[in-house]
Amino acid sequence: MAGADWQRRVDALGRGGYRRYDERTATQLGDGAELLADRWGGDLRRLHEEAGGDTGELKRLLQEEPGIGPAGADIFLREAQRVWPDVAPYFDGKALSGAGRLGLPEDAGRLAGLAGDTEPAVLAAALVRAALDEQVAEECLRRAS
């Protein structure tokens with residue numbers, strides 16, 4: 001993103017189907033790439049190190065990126081826990097909502113304990129699907145009974 005000019009970012013977003021917000025998003029992508037390069041040398045592991053093991057601080061730092069709000073930071077952290085084990089278990093509000101829909105505990109520690117060998121990121125992704133899709137939740141409950 002840092003090496004592409006604004007028009008190339010707009011064109012790429014258009015090819016990817018992001019036509020509604022392409023101009024604003026193209027600017028945010030450029031600004032975000034610049035921030036990442038300037039502050040963390042283009043390496044998100046440095047952002048992770050700056051947070052010093054504090055997931056709340058990591059979420060705050062992620063939101064400094066243009067266009068990344070609380071939901072975007074949650075999505076990032078749900079996925080990043082696969083490569084940053086100190087973030088795990090990370091179950092945000094959407095994942096916990098899915099847990100509740102399935103009759104599971106809405107507590108990250110308890111969920112991780114119930115998961116056994118299942119990676120927290122895999123469980124979190126499944127719980128988000130249950131939160132977003134009532135049919136997925138109903139099918140899970142049907143199979144569990």
Exercise. Leu58 and Leu44: same hydrophobic cluster, using ILVMFWY side-chain contacts below 4.5 Å?
Worked result: yes
Exercise. Just how far is it from atom CD of Gln135 to atom SG of Cys140, taken to the nearest 0.5 Å?
Worked result: 12.0 Å
Exercise. Can you get from Val122 to Leu127 by hopping between Ile, Leu, Val, Met, Phe, Trp and Tyr side chains that sit under 4.5 Å apart?
Worked result: no
Exercise. What pair of heavy atoms forms the shortest contact from Leu61 to Glu50, and how long is it?
Worked result: CD2-OE2, 3.6 Å
For this session: Not counting sequence neighbours, which residues clear side-chain contact (heavy atoms from CB on, under 4.5 Å) with Glu139? List them please.
Result: Arg142, Arg143
Exercise. For the residue pair Pro66 and Leu35, what are the closest heavy atoms and their distance?
Worked result: CD-CD2, 4.5 Å
Exercise. What pair of heavy atoms forms the shortest contact from Ala121 to Arg82, and how long is it?
Worked result: CB-CG, 3.0 Å
For this session: Would you please test Thr27 and Trp6 for side chain to side chain contact (heavy atoms under 4.5 Å, CB included) and show each step?
Result: CA-CA 7 Å; Thr27 299; Trp6 182 84; 3.0 Å; yes
Problem set entry | side-chain contact (heavy atoms from CB on, under 4.5 Å) involving Pro70 - partner list, sequence neighbours excluded | Lys59, Gln63
Exercise. For Leu29 and Leu13, what are the C-alpha separation, side-chain angles and deciding distance, and is it a side chain to side chain contact (heavy atoms under 4.5 Å, CB included)?
Worked result: CA-CA 10 Å; Leu29 286 169; Leu13 288 164; 4.1 Å; yes
Exercise. Hey, are the side chains of Arg15 and Asp11 touching, using non-hydrogen atoms and a 4.5 Å cut-off?
Worked result: yes
Extract all donor-acceptor atom pairs below 3.5 Å that involve side chains of residues 87-97 and protein atoms in other chains or at least two apart in sequence.
residue: Tyr90; atom: OH; partner: Asp74; partner atom: OD1; Å: 2.4
residue: Asp92; atom: OD1; partner: Arg78; partner atom: NH1; Å: 3.1
residue: Asp92; atom: OD2; partner: Arg78; partner atom: NH1; Å: 2.8

Problem set entry | Over all atoms of both residues, closest heavy-atom pair of Ala33 and Glu65 | N-OE1, 4.4 Å
Problem set entry | Nearest heavy atoms of Arg9 and Ala4, plus distance in Å | NH1-O, 2.5 Å
Seminar exercise, completed: Between Asp86 and Gly53 the two heavy atoms that sit nearest each other are OD2-CA, 3.9 Å
Problem set entry | Partner residues of Glu138 under the side-chain contact (heavy atoms from CB on, under 4.5 Å) criterion, sequence neighbours left out | Glu134
Exercise. Could you state the interatomic distance from CH2 (Trp84) to OG1 (Thr55), rounded to the nearest 0.5 Å?
Worked result: 10.5 Å
For this session: Any salt bridge (charged side-chain N to carboxylate O under 4.0 Å, His left out) involving residues 40-49? Give me the pairs, sequence neighbours left out, ordered by first then second residue.
Result: Asp43-Arg45
Exercise. If you group Ile, Leu, Val, Met, Phe, Trp and Tyr by side-chain heavy-atom gaps below 4.5 Å, do Val83 and Leu77 land in one group?
Worked result: yes
Problem set entry | Test side-chain contact (heavy atoms from CB on, under 4.5 Å) applied to Leu141 - qualifying residues, sequence neighbours left out | Leu102
Problem set entry | Cluster overlap Met1 with Leu36, hydrophobic side-chain contacts below 4.5 Å | no
For this session: Kindly check if the number of other-residue, nucleotide or ligand heavy atoms within 6.0 Å of CD (Gln7) is above 12?
Result: yes
Exercise. So, Arg110 side chain and Pro105 main chain: donor-acceptor pair closer than 3.5 Å or not?
Worked result: no
Problem set entry | Gap separating the CD atom of Glu57 from the NE2 atom of His48, nearest 0.5 angstrom | 12.0 Å
